[in-house]
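I have placed the structure first, in the form of structure tokens, so that the comments after it can refer back to it.
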Amino acid sequence: MLLEDRNAVVYGGAGSIGRAVARAFAREGARVFLAGRTQATLDEVAEEIRAAGGSAETAQVDALDRKAVDEHADAVSEQAGGIDISFNLISHGDVQGTPLAEMTPEDFERPVVTAVRTMFLTSTAAARHMIRQGSGVILVFGGDGDPLPGYYLGGLQVAFSAMEALRRNLASELGPHGIRVVTLRTGGVPETLPEGFEGRERIVKDIEERTMLKRAATFEDVGHVAAFAASDYARTMTATALNITCGAEVD
């Protein structure tokens, strides 16, 4: 197994992407610590993982609260003997579908502030423990890139760009301590769009048509790549983004 005996913290572990990543980590042998705001949904994911033979524990944590994040990281490290993987997958509270010229400043800035603050708090909390052990992996979900015309993404694309800037800084500062920082860039996961969502079919078609493979990444794809990126098979990868857009964005 790729992640045997590793301790992985997944913030936003009850969300659609967080759930897929947590299951993949557990399948590969990691002990998964799920953190988020809603205990009931975290417990559901943990039960799924345990039922499949994996190890999962939960904690109610507000990733915008520095004290809460630090105390949780300290508790995980003390209980498990360290933190090997940290992945922040909380939702950003972004508003989409509204042109920037008609958007309120609060709706625009919310995803930017949320994404950057939670990434900073969760990454640095884990990094303090990883520095002591001389190893670790911090994963980022999003990626830079040009906005899609006509999609009215609000502050979301700005948030992704800010996260990439922070990822580059973290990779540079933490690399000498043996800590890798890697982004997973998908170009959009259609499964995140609920059935019945207005315009869903058009959006899915647009995402798929922009790719070379004429399909898009799935939750399972994201989980598989995250497990690989966190493993020793990817030990030479840091300060970069893994392109899992099915060829929509080619560097």
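The basis for the numbers below is simple: all heavy atoms, side chains too, and nothing from hydrogens, waters or symmetry mates.
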Within one Ile-Leu-Val-Met-Phe-Trp-Tyr cluster: [X] and [Y], side-chain cutoff 4.5 Å:
| X | Y | answer |
| --- | --- | --- |
| V137 | V32 | yes |
| L170 | M237 | no |
| L139 | I83 | no |

Can you check whether [X] reaches [Y] side chain to side chain, under 4.5 Å on heavy atoms?
| X | Y | result |
| --- | --- | --- |
| E209 | K214 | yes |
| V21 | F141 | no |
| V158 | F108 | yes |
| R66 | T124 | no |
| V45 | I49 | yes |
| D107 | T98 | no |
| S86 | M130 | yes |
| V9 | H72 | yes |

In Å, rounded to the nearest 0.5 Å, how long is the span from [atom1] of [X] to [atom2] of [Y]?
| X | Y | atom1 | atom2 | result |
| --- | --- | --- | --- | --- |
| I179 | D84 | CD1 | CG | 11.0 Å |
| R235 | S135 | CZ | OG | 12.5 Å |
| E44 | E47 | CD | CD | 9.5 Å |
| N169 | L174 | CG | CG | 10.0 Å |
| M119 | L166 | CE | CG | 4.0 Å |
| Q79 | N7 | CD | CG | 9.0 Å |

**Item:** Over 12 non-hydrogen atoms of neighbours within 6.0 angstrom of CD in E220
**Value:**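 At most 12 heavy atoms, drawn from other residues, nucleotides or ligands, come within 6.0 Å of this atom.
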Where [X] and [Y] come nearest, the two heavy atoms and their spacing:
| X | Y | answer |
| --- | --- | --- |
| V140 | F87 | C-CE2, 3.6 Å |
| I207 | G187 | CG2-O, 4.1 Å |
| G36 | L42 | N-CD1, 3.5 Å |
| A63 | L121 | O-CD1, 3.5 Å |

Strictly below 4.0 Å, N to O, side chains only: are [X] and [Y] in salt-bridge contact?
| X | Y | value |
| --- | --- | --- |
| R37 | D65 | no |
| R210 | D206 | no |
| D94 | R110 | no |

Identify all side-chain donor-acceptor contacts of residues 23-30 below 3.5 Å with residues at least two apart in sequence or on another chain.
residue	atom	partner	partner atom	Å
R23	NH1	E48	OE1	3.1
E28	OE1	L2	N	2.9

